[in-house]
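Below, all heavy atoms of this structure are taken into account, side chains as well, without hydrogens, waters or symmetry copies. In this text, all values refer to a predicted model and were calculated from it rather than measured experimentally. Letters A, B, ... are given to chains in the order of the sequence lines, protein chains preceding strands, and every chain is numbered from 1.
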2 protein chains.
Amino acid sequence: MNTIRPYTQIIDRLKAAKLRPTRQRLALSKLLFERGDRHVTAEQLHADVMAAGIKVSLATVYNNLHQFTGAGLLREVVVDSGRSYFDTNTTSHFHFFHEASGELEDIPVDDLVLGALPKLPKNTSVKRVDVIIRVR
Amino acid sequence: MNTIRPYTQIIDRLKAAKLRPTRQRLALSKLLFERGDRHVTAEQLHADVMAAGIKVSLATVYNNLHQFTGAGLLREVVVDSGRSYFDTNTTSHFHFFHEASGELEDIPVDDLVLGALPKLPKNTSVKRVDVIIRVR
DNA sequence: ATAGCTGCAAATGCTTTGCAAGGCC
DNA sequence: GGCCTTGCAAAGCATTTGCAGCTAT
């Protein structure tokens, strides 16, 4: 059957983020957070959720991806100008980008260690460090 | 005066890249390659070249930026989905990105050393490593 | 009841493309 | 002359926004 059951765990997570567990949001959350680490584009997630039989507009997918990102449940990874990936792994880690397939792959944390950070520009603090190894 | 003199050095560089030294291409080259390291967007460069009194269309700026990139004279840096920077420094180095101003800044090579690269996915080779430290 | 969500379609912003006219070799 | 370049305007694409109607609490 195609109904999405309202999993307590996900609902609690959404409540903690002050996001109402609507039908659409629940469906998206299930796809994102119950399948392990994922790297999805808005289009892909939209296709997924439609395939699961839940009607959600693409605009709503975008809105939710950004709300999740704002709440710290997702991390946005920019690879191309013109395409954003959303990563369900919000811990500090880096990526391989496969130019041929357009896929993102996590780099195991221990496999790439950054040396000491450089001296930062005056009056700034680090918001995030992005490392992308482009392979083909 | 506003005329751009056809600098031999630049012309040779263009010839080596099999790009005809047209008036527009020369003007763009001068702005890009005679001012030290620069990080420009297509829009910025277009504004610069217009300010220098040479009429160049935005499409031509894009075309040339890509031709230069293809010829290895520039390097494209993706920071945002929806905005591309072109870097005149084509040597291996990393960047600070100032979120507030939208500016890119080179990190001195010695200031950030990458540890050993991780094991690559099967049948792949590294095309490029991008490191962006986002500060605010 | 009401603040928050959603869907749709239109708008946006950057970038690319098609094609006729122009310029370099 | 022939081929590369350019300019313009139109098209493309991913993403955002405005707003009327819906829904969770």
Scan the side chains in residues 110-124 of chain B for donor-acceptor partners under 3.5 Å anywhere in the protein, sequence neighbours excluded, and list what turns up.
from: B:T124; atom 1: OG1; to: B:P121; atom 2: O; distance (Å): 2.7

I'd like to check B:L74 versus B:F33 (side-chain heavy atoms, cut-off strictly below 4.5 Å). Are they in contact? yes
Residues passing the ring pair (Phe, Tyr, Trp, His ring centres under 6.0 Å) test with A:H39, sequence neighbours excluded, are A:H95
To check you understand the geometry: which heavy-atom pair defines the closest contact between A:V49 and A:A27, and what is its length? CG2-CB, 3.8 Å
So if I take residues 73-80 of chain A and measure heavy-atom distances to DNA chain C, which residues fall below 4.0 Å? none
Basic-acidic side-chain contact under 4.0 Å: A:D48, A:K30: no
Remember a base hit wins even if backbone is also touched, and classify A:S84 as base, sugar-phosphate or nothing at under 4.0 Å, heavy atoms. sugar-phosphate
Name all residues meeting the salt bridge (Lys or Arg N to Asp or Glu O under 4.0 Å) criterion together with B:E99; count only those two or more places apart in sequence or in a different chain, and write none if there are none. A:K127, B:R134
Taking the axis from the first five pairs and the axis from the last five, what angle separates them in the helix from C:dA1-D:dT25 to C:dC25-D:dG1, rounded to 10 degrees? 30°
List in chain and number order the residues that pass side chain to side chain donor-acceptor pair (under 3.5 Å) with A:Q24, two or more places apart in sequence or in another chain; answer none if no residue qualifies. none
5' precedence on DNA chain D between B:S81 and B:K18 (nearest-nucleotide basis): B:K18
Hits for salt bridge (Lys or Arg N to Asp or Glu O under 4.0 Å) against B:D87, two or more places apart or cross-chain, chain-then-number order -> none
Assign each of B:T41 and A:R25 the nucleotide of DNA chain C bearing its closest heavy atom; nearer the 5' end lies the nucleotide of A:R25
Can you list, by residue number, the residues of residues 56-70 of chain A that have a non-hydrogen atom closer than 4.0 angstrom to DNA chain C? A:V56, A:S57, A:A59, A:T60, A:N64
Under 6.0 Å between ring centres, would you say that holds for A:F86 and A:Y62? no
Contacts of A:H98 that satisfy ring pair (Phe, Tyr, Trp, His ring centres under 6.0 Å) - sequence neighbours left out: none
Of the non-hydrogen atoms in A:L28 and A:T60, which two are nearest, and what is the gap between them? CD1-O, 4.5 Å
Residues in side chain to side chain donor-acceptor pair (under 3.5 Å) contact with B:T69, at least two apart in sequence or another chain: none
So if I define the base as every atom that isn't primed, P, OP1 or OP2, how would nucleotides 20-25 of chain C read as a B/S/- string at a heavy-atom cutoff under 4.0 Å? ---BBS
Identify, with sequence neighbours excluded, every residue that meets ring pair (Phe, Tyr, Trp, His ring centres under 6.0 Å) alongside B:Y85. none
